[in-house]
Amino acid sequence: MEYIVETRNVSKKFGKETAVINLEMKIAKGEIYGFLGPNGAGKTTTIRMLLGLMKPTSGTIQLFNQNLEQNRIEILKKVGSLVENPSYYPHLTAYENLEALRKVLGVAKNRIDEVLEIVRLQDVANKKVKGFSLGMKQRLGIAGSLLHNPELLILDEPTNGLDPSGIIEIRELIKTLPSQYGMTVLISSHLLSEIDQIATTVGIVTKGQLIFQDSIETLRKYANQNVSFTVSESKKAWQLLISSGLQAELQQNRVLIQDCSDGIVAEAVRLLVQAGQAVYRVEDEKKSLEEIFLQMTKEENAG
Amino acid sequence: MIANLLTSEFLKIRRKGFWLLTFLGPFGVVALQMVNYGVRKDYLLQQSNDDWGYYLGNVHSFTPLALVLGIAILTSFMASIENETNAWKQLIALPVSKMNVYLSKFTVLACLMLFSSVLLMVFTFAFGLVLDLGSAVPYMDIVQYSFFPFLASLPILALQLWVSTVSQNQGIPITVGILGFILTYSAFFLPDWVIWKWPSLMNDANEPVQNVLLGVGVGCLLYVVGMIDFTRRDVK
């Protein structure tokens with residue numbers, strides 16, 4: 001497989017604090033890689049290292065199969081980025097802001113209009129960015145990152161500060177990039193719901209360590225199902241099910257069964273009814289990805 | 001690449017008052033003499049037989065102060081453009097070398113100061129003609145008094161740029177600037193090795209060229225040191 005991003009044993013220390021520990025990140029071509037982790041987990045530090053803004057304390061970073069430290073400029077020609085809060089020059093107009101970037105990137109002038117149209121800012125192109133809303137500034141940042149048609153797009157929390165319609169808009173835009181322009185996208189977020197809807201691969205980082213890196217389908221498999229029973233006397237019901245050899249779990253006033261094949265559920269219902277229990281509800285209970293994410297990051301904290 | 005960076009930098013300083021300041025500095029210096037000569041021209045002309053020379057000396061008494069103050073303000077402005085929304089991270093993530101970024105910032109500032117010096121020369125010459133100081137215009141002296149202080153102040157420019165680009169807190173470069181201003185003000189009492197004395201073109205040997213050569217030499221040195229430090233730092 002061809003990896004666009006490949007880090008080997010990358011660590012970063014700030015004084016005594018270790019922000020990133022032995023990171024082994026792999027991003028294949030054409031993927032949308034969701035980089036997930038709670039605030040302060042090391043996402044932004046990792047992204048800064050990928051862009052050469054910070055040097056790793058140890059380990060090597062390869063982008064496009066080239067060593068970042070040796071070929072930084074060559075590599076960055078193919079990378080577009082938006083790191084954390086959008087950076088802009090408030091005293092300049094949207095157009096001038098992009099022009100300042102365009103001059104350095106050396107791309108054709110009409111690209112400015114093109115990217116302004118992509119993020120739908122063409123109407124305010126000649127207004128000073130000072131007066132923009134956060135969402136507009138964010139979109140301007142994305143426009144800047146698309147200027148030179150990068151092969152790798154790195155977006156750090158791109159939907160921060162956007163309203164719901166803005167979030168959907170950006171999400172739709174990001175989804176189309178790999179298929180339309182052959183871009184590979186790295187997108188970070190602390191919200192799993194965000195990543196869940198666009199990413200094809202997920203990396204979860206907590207306390208500077210990558211604790212999960214696989215396809216989103218694999219992550220979803222962790223979302224195993226339970227069937228929950230709400231009955232009149234849950235403790236008795238639980239004892240009854242256990243004594244009948246079923247794997248049951250008592251939770252507040254509900255009983256959970258992990259094996260949820262039709263036969264088992266039917267068997268459990270029959271047992272409960274025969275024992276004179278009033279069965280109020282039988283429900284499928286799916287663990288949300290949020291819960292898995294919380295659980296994963298919590299386990300790591302405990303260890 | 002450096003040419004692209006430079007045009008981009010010149011675009012960024014638009015509407016920030018850079019050009020106004022570049023104009024105000026030399027204009028202010030000459031305007032002070034307009035007041036001086038406007039109030040007591042006859043008295044001043046009596047002070048010396050060399051009216052042009054005396055006039056140039058008067059103009060030059062304020063040039064170093066304006067230069068040092070101008071450098072402090074412009075470098076701080078320059079850094080604030082990037083600091084305001086932490087645009088450093090955006091700039092450095094572009095395919096440019098950090099050395100060239102630093103060089104372009106320095107070059108823009110040096111160009112502005114040089115432009116100031118040109119204006120100073122024009123204003124000095126023009127007001128001298130208005131005063132009708134005699135037909136023997138000391139062209140070489142006008143050029144020297146306009147450009148030597150700038151060349152001698154290059155170390156201050158390099159130092160201020162270094163301090164303001166690497167400081168998270170812009171109070172630090174401003175403090176350095178104010179201290180520099182006070183030192184320049186007291187140039188007469190300072191030993192020759194203090195860089196803030198150099199723009200005054202004074203030294204024990206009474207040889208202005210010495211300050212210029214020192215300024216260019218030490219300016220380059222401080223520039224290189226600042227640039228290396230800048231390239232080695234992580235971008236926050």
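Every chain is numbered from 1, with letters handed out A, B, ... down the list of sequences.
The candidate with the highest count of non-hydrogen atom pairs below 4.5 Å against chain A, out of B:L11, B:I81, B:T85, is B:T85. Top candidate by heavy-atom pairs under 4.5 Å with chain A, chosen from B:N86, B:V96, B:L91, B:L6, is B:V96. Note: A:K103 leads A:E99, A:K103, A:M49 in heavy-atom pairs under 4.5 Å with chain B. Chosen from A:R102, A:E84, A:K55, A:K137, the residue pairing most often with chain B at heavy-atom distances under 4.5 Å is A:K55.
Defined by atom type and a distance below 3.5 Å, a donor-acceptor pair is present between the side-chain atoms of A:Y89 and B:E82. The closest side-chain donor-acceptor pair between B:Q90 and A:Y88, if any, does not fall under 3.5 angstrom. Checking A:S188 against A:D156 by side-chain atom types alone, a donor-acceptor pair falls below 3.5 Å.
The part of A:P86 that comes within reach of chain B is its backbone (N, CA, C, O), which places non-hydrogen atoms under 4.5 angstrom from that chain. Using a 4.5 Å cut-off between heavy atoms, A:L92 contacts chain B through both its backbone and its side chain. Contact annotation for B:T231: only backbone heavy atoms (N, CA, C, O) come within less than 4.5 Å of a heavy atom of chain A.
A salt bridge does not link A:E96 to A:K128: none of the charged nitrogens lies less than 4.0 Å from a carboxylate oxygen.
No donor-acceptor distance shorter than 3.5 angstrom exists from the side chain of A:Q209 to the backbone of A:N22, with no hydrogens or angles considered. Counting only distance, with no hydrogens or angles, the side chain of B:Y223 and the backbone of B:L157 share no donor-acceptor pair below 3.5 Å.
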